[in-house]
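Just so it is clear: chains get the letters A, B, ... in the order the sequence lines come, proteins before strands, and each one is counted from 1.
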There are 4 protein chains.
Amino acid sequence: MSKDKIIAAAIHVFSEHGYHRASMDEIALSAQVAKGTLYYHFPGKAQLFKTIVMDGFQEISDRIRSVMESDLTLEEQIQRIITHNLDLFLESRGFAHIVFNELSNGIEQDVLEELKGLKEGYIDFLAGVLEEGCKDGVLRSINCRLAAAGIVGLLDSSCNYYISHPDALNRDDLEQFLYTIITTGLFKINV
Amino acid sequence: MSKDKIIAAAIHVFSEHGYHRASMDEIALSAQVAKGTLYYHFPGKAQLFKTIVMDGFQEISDRIRSVMESDLTLEEQIQRIITHNLDLFLESRGFAHIVFNELSNGIEQDVLEELKGLKEGYIDFLAGVLEEGCKDGVLRSINCRLAAAGIVGLLDSSCNYYISHPDALNRDDLEQFLYTIITTGLFKINV
Amino acid sequence: MSKDKIIAAAIHVFSEHGYHRASMDEIALSAQVAKGTLYYHFPGKAQLFKTIVMDGFQEISDRIRSVMESDLTLEEQIQRIITHNLDLFLESRGFAHIVFNELSNGIEQDVLEELKGLKEGYIDFLAGVLEEGCKDGVLRSINCRLAAAGIVGLLDSSCNYYISHPDALNRDDLEQFLYTIITTGLFKINV
Amino acid sequence: MSKDKIIAAAIHVFSEHGYHRASMDEIALSAQVAKGTLYYHFPGKAQLFKTIVMDGFQEISDRIRSVMESDLTLEEQIQRIITHNLDLFLESRGFAHIVFNELSNGIEQDVLEELKGLKEGYIDFLAGVLEEGCKDGVLRSINCRLAAAGIVGLLDSSCNYYISHPDALNRDDLEQFLYTIITTGLFKINV
DNA sequence: GATGAATGAGACTTCATTCAT
DNA sequence: TATGAATGAAGTCTCATTCAT
């Protein structure tokens with residue numbers, strides 16, 4: 001169906017060029033539909049983008065929620081969350097990056113608000129996981145939302161490095177590194 | 001002088017709108033010079049941007065290098081590096097964000113390469129600090145460049161959170177949090 | 001029936017937005033039919049418009065013709081014609097305005113010709129009434145078609161004023177004013 | 001200068017096709033400037049249109065004001081006003097028609113408001129002339145603004161007829177007709 | 001050194017129309 | 001009889017860049 005082709009093409013083109021440099025022309029070309037078809041299925045560029053982002057958030061939220069509902073230990077939960085996040089970020093690299101980092105400015109205000117809301121919602125969601133750990137006395141007493149926000153940046157940035165230096169490390173190394181730094185930091189001995 | 005006015009205005013406008021949505025018109029207006037003057041001093045938009053970025057990197061590198069040359073302990077060095085980075089990120093917020101995050105795509109290829117080189121150089125620089133710590137046996141044995149890249153993302157993301165939630169925490173909290181998570185992670189007891 | 005729903009919706013939408021800004025989309029939406037249905041019943045936008053206009057002319061012609069066939073005095077006939085015209089203009093204001101004023105340009109040439117023909121026909125019709133008055137010596141010797149054309153503009157323009165200044169006068173005032181100016185002009189004493 | 005060429009071309013193109021069907025492309029082509037040049041001198045289509053209209057109103061107001069300041073009789077004043085209006089309407093026919101009749105809908109709201117204001121201002125201006133006549137007892141006691149609005153429609157519509165039937169009458173006939181109907185109406189004998 | 005009018009490629013969007021079902 | 005997905009030409013507007021002064 002056209003709509004699916006458009007979505008697939010849009011993910012690809014947005015990822016490739018970022019939001020602003022992605023053109024509706026190129027998306028249409030890539031989806032092998034006429035330009036007008038984009039506007040038949042979506043009101044505009046910003047809304048097309050939003051649709052894709054929301055789908056992505058939905059998916060990762062679903063995956064992570066299943067982790068939460070299991071009776072894994074916190075350590076295992078964190079491990080799984082890192083894995084799922086990495087899946088998302090690596091699968092549709094570029095796209096996740098746009099959502100979490102590129103969109104500070106220059107998009108229709110209302111859509112931007114919604115996207116910020118989604119982002120915040122996701123951070124709250126992660127913060128909730130951390131909060132549990134605090135209550136259980138497993139985690140240090142920290143500002144959980146700040147920690148969640150920081151971790152997302154850490155993940156994004158690490159993925160970027162991993163992708164642009166494919167020979168320097170493999171996926172398992174990356175996952176291991178993230179788990180280590182998040183849980184126990186860089187120092188060998190901690191007091 | 002015109003050139004200085006342009007640079008000051010450009011920093012402001014790029015920070016405000018991001019690279020793509022910043023227009024040469026607005027920069028000229030903000031600098032109170034004619035549009036042609038921009039092209040008298042700089043070959044084009046990308047090069048103007050590059051100039052500013054290089055200046056910024058120069059400044060932070062200088063500041064941090066002075067830290068390195070002192071004979072502080074690694075703990076203190078890390079503390080100082082966090083502080084300087086935060087200064088940079090918070091002073092010209094928006095701008096640092098653009099450099100580290102927005103510019104994955106959609107800018108003249110050659111300028112983009114140069115900027116990526118600068119970014120990598122900065123990461124190498126941080127990695128060097130960590131490397132020292134590894135050698136000295138203070139830090140875990142990790143991929144230092146990956147860690148440096150990750151930390152930059154962590155810093156950027158945390159700053160963003162701090163800026164958009166000014167009431168949730170103060171600058172000291174932020175600094176403390178970053179030091180803690182970087183050095184000892186989230187877990188209360190580390191082996 | 002679909003066709004009737006379309007006509008009703010089209011009158012409404014054309015009146016609201018004028019010919020050029022009225023979209024087939026909105027007409028279909030308003031008529032609660034699919035867009036394709038419009039093209040099932042009418043060859044295109046211009047022809048749909050033409051259909052409606054012809055219906056409207058038919059109706060007013062019928063009404064006025066009944067006036068003509070009666071054996072009223074010319075004074076009474078003019079009074080009635082004003083009343084009927086006002087009915088038409090006020091009932092489907094916007095629409096009458098489009099027909100008489102908006103459509104000078106920018107519509108399919110052949111349809112435009114037909115519409116102009118209808119308009120001329122209506123003016124001829126009014127001119128015929130005036131001609132009678134001339135022959136009977138009741139009216140001044142004037143170019144009756146010019147007078148008819150002028151009167152239509154006078155009516156349209158007055159209606160516009162009446163509609164946008166509902167508090168300044170009532171319907172009877174309007175009718176009285178039109179009768180006065182058409183028959184005896186503005187001057188108090190006429191030779 | 002480009003700006004003048006644009007204005008001249010715009011008057012021509014708007015008159016030819018009406019507001020909605022006039023395209024910026026055609027105006028640029030007709031003015032022999034690049035499309036971008038239009039936007040260098042004017043913020044957009046609506047504002048370009050507004051500029052032209054305001055110039056036109058300025059001109060006719062100036063002309064008519066000079067009539068008012070003279071010490072002519074009301075009869076002569078009306079005669080002159082008709083003449084000036086006819087000049088305007090016939091010189092830039094199409095254009096005047098657009099301003100007075102086409103612009104009910106479908107133009108940027110704020111510009112439309114301003115144009116309506118101009119139109120109202122002009123009608124008020126004419127109404128002022130009539131008001132004088134009422135006070136002096138020369139004119140019937142009528143709603144002067146309604147009369148002014150009606151007269152504008154009468155003029156516009158008559159001009160249209162005159163232009164499309166150049167063989168049916170000459171300019172003097174037209175002027176004579178308008179003076180007659182406005183001052184003494186159609187009836188031969190008035191009480 | 002500095003200007004600003006002019007450019008033109010390219011962006012987003014609209015909408016009358018077609019056609020397979 | 002009716003549908004609605006799909007089309008593509010055409011429109012408005014943006015903006016980095018050029019160049020004569």
Give a yes/no on whether any side-chain N or O of H41(B) is located under 4.0 angstrom from OP1 or OP2 of dA2(E).
yes
Taking only Watson-Crick and G-U wobble pairs with both distances under 3.5 Å, what dot-bracket line describes DNA chain E, where [ ] shows pairs that cross earlier ones and | shows pairs with another strand?
.||||||||||||||||||||
Atom-pair distance (CZ on R21(D); C1' on dT12(F)), nearest Å
15 Å
Does dT1(F) have its OP1 or OP2 closer than 4.0 Å to a side-chain nitrogen or oxygen of Y40(C)?
yes
Specify the separation, in whole Å, of atom NE2 of H20(D) and atom C1' of dT14(E).
14 Å
Counting only non-hydrogen atoms, which of residues 25-35 of chain D are less than 4.0 Å from DNA chain F?
D25(D), K35(D)
Report the residue (L38(B) or G44(C)) whose heavy-atom-nearest nucleotide on DNA chain E is the more 5′ of the two.
L38(B)
So which one's nearest nucleotide on DNA chain E is more toward 5', M24(A) or K3(B)?
K3(B)
Rounded distance in Å - CD (Q47(C)) to C1' (dA16(E))
11 Å
With respect to the side chain of S23(D), which nucleotide from dT17(F), dT3(E), dG11(F) is positioned closest?
dG11(F)
Kindly compute the distance separating CG (N160(A)) from CZ (F89(A)), expressed to the nearest 0.5 Å.
9.5 Å
Under 4.0 angstrom between S2(D) side-chain N/O and dA6(E) OP1 or OP2:
yes
Taking salt bridge (charged side-chain N to carboxylate O under 4.0 Å, His left out) as the cut-off, I'd like each qualifying pair that reaches into residues 41-58 of chain D, sequence neighbours left out, listed once.
K50(D)-E114(D)
Measuring from S30(A):OG to D25(A):CG, what's the distance to the nearest 0.5 Å?
12.0 Å
Counting heavy atoms from C-beta on, name the nucleotide in dT17(E), dA2(E), dT3(F) closest to the side chain of T37(B).
dA2(E)
Chi angles and distances behind the side chain to side chain contact (heavy atoms under 4.5 Å, CB included) call for E26(D), E16(D)
CA-CA 11 Å; E26(D) 188 173 352; E16(D) 192 91 354; 5.6 Å; no
Using atom P of each nucleotide, how far apart are dT21(F) and dG1(E) to the nearest Å?
23 Å
Which nucleotide in the list dT14(E), dT12(F), dA2(F) gets nearest to the side chain of Y39(A)?
dT14(E)
Count the heavy atoms of every other residue, nucleotide or ligand shown that sit under 6.0 Å from CD of E113(A), and state whether that count exceeds 12.
yes
Parallel, tilted or perpendicular: ring planes of Y19(C) versus F49(C), cut at 30 and 60 degrees
perpendicular
Among the nucleotides dA2(F), dT12(F), dA6(E), which one has an atom lying closest to any side-chain atom of K45(D)?
dT12(F)
With V53(D), which of L48(D), L115(D), V111(D), I11(D) fulfils side chain to side chain contact (heavy atoms under 4.5 Å, CB included)?
L115(D)
When rounded to the nearest 0.5 Å, the distance separating CE of M1(D) from CD1 of I7(D) is 9.0 Å
In whole Å, I'd like the distance from the OH atom of Y19(B) to the P atom of dC15(F).
13 Å
When you measure from the centre of the six-membered ring of F57(D), is the NZ or CZ of K119(D) closer than 6.0 Å and no more than 45° off the axis?
no
Tell me: CE of M1(B) to C1' of dG1(E), nearest whole Å?
10 Å
Look at all strands and tell whether A22(C) reaches a base, only sugar-phosphate, or nothing, counting heavy atoms closer than 4.0 Å.
sugar-phosphate
Is the number of heavy atoms from other residues, nucleotides or ligands within 6.0 Å of NE2 (H12(D)) greater than 12?
no
Select from P43(D) and G36(A) the residue whose nearest nucleotide in DNA chain F is closer to the 5' end of that strand.
G36(A)
